[in-house]
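A quick write-up on the structure given underneath.
As the structure lists them, so they are numbered: ligands from 1, and atoms in each ligand from 1. The figures that follow rest on heavy atoms only: side chains count, while hydrogens, waters and symmetry mates do not. Along the sequence shown, the residues carry numbers beginning at 1.
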Amino acid sequence: MMIKPKIKIATTSLAGCFGCHMSFLDMDERLVSLLERVEFDRSPFTDIKHCGPCDIGLIEGGVCNAENVHVLREFRANCKTLVAVGACAINGGVPAMRNFFDLQDCLQEVYLTGTGVMNPQIPGDIELPLLLDKVYPISEVVRIDYFLPGCPPSADAFLQLLQPLLAGHKPVIAKSQLHYD
Ligand code: SF4
């Protein structure tokens with residue numbers, strides 16, 4: 001009997017809160033049958049640090065710093081299908097609220113003059129990724145194949161996306177599962 005190779009999925013959180021990843025895990029016992037058909041490459045589920053060749057990449061969060069740009073480009077280069085998962089990836093979401101303000105003003109408020117600040121100092125370690133002037137939707141940095149809206153998308157929405165993709169078909173998400181929170 002021929003054993004079908006498993007579909008490889010990579011996931012990452014850029015400027016996100018991991019809530020979309022938590023929602024993915026809400027599949028609960030349905031994860032067991034999913035895992036019979038897929039294996040995870042780079043993901044918080046595996047702790048693999050770089051994305052290798054994959055069938056599907058799921059991206060949570062927008063792009064707020066230079067490292068996010070690097071990770072996103074690595075996913076685009078290695079994933080046949082790339083999906084923007086959740087409001088933050090699609091339009092910047094809550095982190096993009098800083099776009100209404102100048103970046104230097106944000107840093108000053110958070111690290112120097114804001115309520116409760118102790119030892120005021122703006123972090124400047126060379127190891128820290130450089131912040132971008134704004135938080136960007138991921139589609140402004142790389143080409144995206146599918147968008148799964150919601151904050152977060154439900155576990156059912158993830159399944160409605162993945163099941164057709166695993167079978168090589170175009171996913172159609174039920175209207176009831178599409179939320180534009
Ligand atoms: Fe978190 Fe919502 Fe953004 Fe997902 S879309 S990363 S749940 S804030």
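Of the possible polar contacts, one joining the Ser23 side chain to the Pro153 backbone as a donor-acceptor pair under 3.5 Å is found. Looking only at distances, a side-chain donor or acceptor of Asp41 sits under 3.5 Å from a matching main-chain atom of Gly52. When atom types are taken as modelled, the side chain of Asp145 and the backbone of Val83 share no donor-acceptor pair closer than 3.5 angstrom. Here the side chain of Glu60 pairs no donor or acceptor atom with the backbone of Gly86 at under 3.5 angstrom. In this structure, the side chain of Arg98 does not engage the main chain of Asp102 through any donor-acceptor pair within 3.5 Å.
Neither side chain, His21 nor Ser13, offers a donor N or O lying under 3.5 Å from an acceptor on the other.
A heavy-atom separation below 4.0 Å is found between Gly150 and ligand 1.
The distance cut-off of 2.8 Å around atom 1 (Fe) of ligand 1 captures these protein N, O or S atoms, sorted by chain and number: Cys17 SG.
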